[in-house]
Each structure stands twice: as C-alpha cells, then as structure tokens.
Amino acid sequence: MIIYNVTTKVTPEIHARWLQWMREEHIPTIIGTGFFHDYRMCRLLDQDDSDGPTYTVQYFTDTLENYNTYIQEHAPRLRQQAFELFGDQFVAFRTVMQVV
C-alpha cells in the first residue's frame, strides 16, 4: 500500500474555515478522483500551536501508479485552489510512503 501524506500548518485566522473546506470539499474531491480509496486526518499534538495548528492527511492507494497519475493529472489544480482560497496563510509539505 502507498500512503500520500500531506502535513499542513495553518494560521489561527483561517483555521476554522480551512478545516471545514478540507472536510467538505478538498478531501472529498481527492477521494473522488478514484486514485485513493481511503484517508485519515490527524491533528499533531505536542506542537507549539501559538502560530496555528498542524494537521496531517494521509491518503491511501494500492499502487504507485495511482499516486503518480494523481500527481500529474490533479494535484497542480487542487494545490492552486488552496492558494487561491488561503494565500500564504498555510504551509504544506508532502511525503510518499510505502507500507512494509
């Protein structure tokens, strides 16, 4: 199994709106591409949240080809949507992992 992990730190000013957008729009859109079959969203604990909370979203897929196709065909558009909505009020980094 392949896990696409997106870790995002959001400012307090957008926190509630960003969280709602993730749950109601962004995550369902990513799952709706058909390249991922499940996800898990977590809030990091033991972090300094004074400049905003940090979340991870892990998207699960069976093949590296699914992940690569998603990255090529959908990721640029979806990342742009986030920047259009929230500008520089968040920072995200992404990792890809294989379950061993």
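Heavy atoms only: backbone and side chains are in, while hydrogens, waters and symmetry mates are out.
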Walk me through whether Asp49 and Arg43 qualify under salt bridge (Lys or Arg N to Asp or Glu O under 4.0 Å). CA-CA 11 Å; Asp49 281 356; Arg43 183 171 178 170; 2.9 Å; yes
Criterion side chain to side chain contact (heavy atoms under 4.5 Å, CB included) on Ile71 and Tyr4, from CA distance to verdict: CA-CA 10 Å; Ile71 290 299; Tyr4 172 44; 4.0 Å; yes
So Phe60 and Gln58, side chain to side chain contact (heavy atoms under 4.5 Å, CB included) or not? Walk me through it. CA-CA 6 Å; Phe60 302 95; Gln58 296 177 338; 3.9 Å; yes
Test side chain to side chain contact (heavy atoms under 4.5 Å, CB included) on Asn66 and Phe36; report intermediate values, then the result. CA-CA 7 Å; Asn66 283 348; Phe36 300 96; over 6 Å; no
Check the pair His26, Leu78 against side chain to side chain contact (heavy atoms under 4.5 Å, CB included), reporting the backbone distance first and the verdict last. CA-CA 8 Å; His26 191 67; Leu78 295 175; 3.9 Å; yes
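Side-chain atoms of Gln47 and Thr54 include no donor-acceptor pair closer than 3.5 Å.
Residues Met41 and Val57 come closest through the heavy atom pair CG-CG2, 3.8 Å. The minimum heavy-atom distance linking Trp21 with Ala82 is given by the pair CH2-CB, 3.7 Å. Closest heavy-atom contact between Pro12 and Ser50: CG-O, 4.3 Å. Taking all atoms of both residues into account, the shortest heavy-atom contact from Arg94 to Ala92 is NH1-O, 3.9 Å.
Inter-residue side-chain proximity for His15 and Leu19 is flagged as met; some heavy-atom pair is nearer than 4.5 Å. Looking only at side-chain heavy atoms (C-beta outward), Pro53 and Leu44 stay at 4.5 Å or farther from each other. Side-chain contact between Met1 and Met97 is absent, with no heavy atoms from C-beta onward closer than 4.5 Å. Side-chain contact between Ile3 and Gln98 is absent, with no heavy-atom pair separated by less than 4.5 Å. The shortest side-chain heavy-atom distance between Ile31 and Tyr39 falls under the 4.5 Å cut-off. At a threshold of 4.5 Å between non-hydrogen side-chain atoms, the residues Val6 and Tyr59 count as touching. Within the 4.5 Å cutoff, the side chain of Ile2 has no heavy atoms near those of the Thr63 side chain.
Heavy atoms from other residues, nucleotides or ligands lying under 6.0 Å from CZ of Arg40 number 12 at most.
Taking the six-membered ring where tryptophan is involved, the planes of Tyr55 and Trp18 are tilted, since the angle between them lies from 30° to 60°. Note on ring orientation: taking the six-membered ring where Trp is involved, the planes of His74 and Phe35 are tilted (angle from 30° to 60°).
Asn68 contributes atom CG, which lies 11.0 Å from atom CD of Glu73 (distance to the nearest 0.5 angstrom). Annotation: the span from Lys9 atom NZ to Gln89 atom CD amounts to 13.0 Å, rounded to 0.5 Å. For the atom pair CZ of Phe83 and CD of Gln81, the computed distance is 12.5 Å after rounding to the nearest 0.5 Å.
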